[in-house]
Amino acid sequence: MNKLLIAVFGSMLLLATASADHHTGGKHKNKLISKLELTEEQKQPVAEILKDQWKKKRDIKRSAMEQIKPQMASLDEETKQRLDGILSEEQLRKYDELSSKRHKRMHKRQSHR
């Protein structure tokens with residue numbers, strides 16, 4: 001169970017980090033370049049290196065998410081089974097509806113990256 005909790009929190013951290021990033025690392029990359037006070041000759045190669053780093057980090061995050069998807073699905077199923085003994089049929093229906101909406105929003109955000 002502890003490993004599962006670590007996976008859940010890890011995925012939340014990855015999502016939070018990923019949502020802070022932009023498609024090319026834009027704002028962060030530009031801010032860093034500005035603060036480093038780079039010369040004109042340095043700006044382009046540094047920007048390319050940072051862009052490459054961002055893409056690699058994005059790929060690592062996506063890979064990690066794919067690896068934990070089965071664990072997340074298992075946790076969702078376990079949660080629903082536990083709630084089944086407590087919630088009414090109407091409450092379970094609402095829970096399913098809300099969970100479905102949450103999953104759709106998450107999928108939509110991830111597909112825009």
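With rounding to the nearest 0.5 Å, the separation of CG in N30 from NZ in K43 is 10.0 Å. Atom NZ in K31 sits 12.5 Å away from atom CG in L36 (nearest 0.5 Å). One distance of note links NZ of K57 with NZ of K55; it measures 15.0 Å at 0.5 Å rounding. If you take CD on Q44 and NZ on K51, they are separated by 9.0 Å, rounding to the nearest 0.5 Å. Between the CD atom of Q91 and the CG atom of L98 there is a distance of 11.5 Å, given to the nearest 0.5 Å.
Under the 3.5 Å distance criterion, the side-chain polar atoms of E97 are left unmatched by any main-chain donor or acceptor of K94. In this structure, S99 contributes its side chain and Y95 its backbone to a donor-acceptor pair below 3.5 Å. With hydrogens and angles ignored, the 3.5 Å screen pairs a side-chain donor or acceptor of T79 with a backbone N or O of L75.
Salt bridge annotation for E89-R93: absent, with no cationic side-chain nitrogen under 4.0 angstrom from a carboxylate oxygen. Salt-bridge formation is detected for the pair E66/K69: a Lys NZ or Arg NE/NH1/NH2 atom is positioned less than 4.0 Å from an Asp or Glu carboxylate oxygen. A salt bridge is absent between D76 and K80; no separation between the charged side-chain nitrogens and carboxylate oxygens falls under 4.0 Å.
Within a 6.0 Å sphere centred on CD of E37, heavy atoms belonging to other residues, nucleotides or ligands number 12 at most.
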request  = Could you please spell out the steps behind the side chain to side chain contact (heavy atoms under 4.5 Å, CB included) verdict for L50 and I33?
outcome  = CA-CA 9 Å; L50 294 176; I33 287 172; 4.2 Å; yes
